[in-house]
Undergrad: 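Encoded as structure tokens, here's the structure I'll be asking about.
Just so it is clear, the structure is predicted and the values come from calculations on it, not from any experiment. Proteins get letters first, then strands, A, B, ... in listed order; numbering begins at 1 in each.
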Amino acid sequence: MTTIRSLYRTLFSEYGHQGWWPLYNKKTGKIEYHQNDYSLPKNKEQSFEIGVGAILTQNTSWKNVEKALLNLYENNLLQRDIIMDVSEKKLAGLIRPVGYFNQKAKKLKIFANFKDEINRENLLNLWGIGKETADSILCYAHNKKIFVVDAYTQRIFTRLGFKDSEYDEIQQLVMDELLDIKELNEFHALLVELGKNTCKKEPLCGQCCLKKVCAYGQGASP
DNA sequence: TCCCAGGGGCCGA
DNA sequence: TCGGCCCATGGG
């Protein structure tokens with residue numbers, strides 16, 4: 001069985017810096033990644049934007065999230081105070097491309113109205129925020145030392161041969177070995193890259209940088 | 001025209 | 001506690 005650090009090194013040498021979290025750039029008018037820049041978010045506005053993105057991306061690809069975020073920007077709606085006041089119907093109309101737009105509009109309103117201390121327990125008490133979304137917000141919007149586990153991560157860890165692929169167990173396993181917030185930030189993004197393009201539902205083991213250490217790549221069942 | 005997908009809430013067993 | 005269903009779009 002390989003170590004978490006070894007996986008991290010292999011993935012990083014394969015894919016390099018991922019530059020998460022993608023954010024809107026006012027100069028270019030595009031959603032951009034930030035390779036080699038771990039100093040995000042720069043301000044409260046960016047922090048809120050990351051929270052919005054974390055909700056919009058639930059069970060949805062980033063391409064669709066980008067469309068919705070641009071819609072919000074163009075309508076001057078990517079600000080906490082404005083989302084608090086705008087109607088759910090208008091919000092839903094602008095975020096249509098992400099799917100589940102009625103539910104997500106409701107989630108955004110609840111998130112915008114949330115003013116308590118940002119911690120995991122408080123976030124998990126919000127309707128529409130589960131473990132992955134809460135941990136994404138803590139890690140990427142508030143620089144908290146926490147690892148985000150998503151469906152890609154669970155699939156990859158199962159195939160690698162880790163016995164327990166439950167959320168909490170994977171999170172603890174990773175956080176026992178990776179102690180640096182930058183590494184936790186990067187490792188999640190690297191796993192997304194692997195899961196999205198290679199360790200897909202039908203995996204492309206032939207082109208996988210982890211095939212030598214992967215149980216599935218060696219012929220085990222998924 | 002189907003089928004699939006990075007989440008979360010809710011309900012019944 | 002867990003499985004099944006619902007929410008909905010866009011892309012292959």
Undergrad: Tell me which nucleotide, if any, is Watson-Crick or G-U wobble paired with dG12(C) when both distances must be under 3.5 Å.
TA: dC2(B)

Undergrad: What is the base-pairing partner of dC7(C), counting Watson-Crick and G-U wobble geometry with both distances under 3.5 Å?
TA: dG7(B)

Undergrad: Any N or O donor-acceptor pair under 3.5 Å from the base of dG6(B) to the side chain of D150(A)?
TA: no

Undergrad: For dG6(B) and Y152(A) - does any side-chain N or O of the residue sit under 4.0 Å from the phosphate oxygens OP1/OP2?
TA: yes

Undergrad: For T133(A) and dG8(B), is the shortest distance between a side-chain N/O and OP1 or OP2 below 4.0 Å?
TA: yes

Undergrad: Is the shortest side-chain heavy-atom distance between H17(A) and Y33(A) below 4.5 Å?
TA: no

Undergrad: Does dA5(B) have OP1 or OP2 under 4.0 Å away from a side-chain N or O of K63(A)?
TA: no

Undergrad: Kindly compute the distance separating NZ (K89(A)) from CG (N102(A)), expressed to the nearest 0.5 Å.
TA: 10.5 Å

Undergrad: Once you apply a heavy-atom cut-off of 4.0 Å, does K67(A) come out as touching a base, just sugar-phosphate, or nothing?
TA: sugar-phosphate

Undergrad: What interatomic distance, in whole Å, is found between P of dA8(C) and the corresponding atom of dT1(B)?
TA: 23 Å

Undergrad: So do F147(A) and L178(A) actually touch side chain to side chain, heavy atoms under 4.5 Å?
TA: no

Undergrad: I want to verify a distance call: between dG8(B), dT9(C), dG10(C), whose nearest atom is closest to the E132(A) side chain?
TA: dG8(B)

Undergrad: May I ask you to say what L126(A) touches in the nucleic acid, namely base, sugar-phosphate or nothing, with a heavy-atom cut-off under 4.0 Å?
TA: sugar-phosphate

Undergrad: Identify, between S61(A) and L124(A), the residue whose nearest nucleotide on DNA chain B lies closer to the 5' end.
TA: S61(A)

Undergrad: Should the pair K163(A)-E169(A) be classified as a salt bridge under the 4.0 Å nitrogen-to-oxygen rule?
TA: no

Undergrad: How is W127(A) classified with respect to the nucleic acid when contacts are heavy atoms under 4.0 Å: base, sugar-phosphate, or nothing?
TA: sugar-phosphate

Undergrad: Is there a side-chain polar atom (N or O) of N59(A) under 4.0 Å from OP1 or OP2 of dG8(B)?
TA: no

Undergrad: Looking at every heavy atom in both C214(A) and R159(A), which two are closest together, and how far apart are they?
TA: SG-O, 3.3 Å

Undergrad: Under 4.0 Å, heavy atoms only, any strand: does W20(A) hit a base, just the sugar-phosphate, or nothing?
TA: base

Undergrad: Classify the nucleic acid contact of I55(A) as base, sugar-phosphate or nothing, counting any heavy atom under 4.0 Å across all strands shown.
TA: nothing

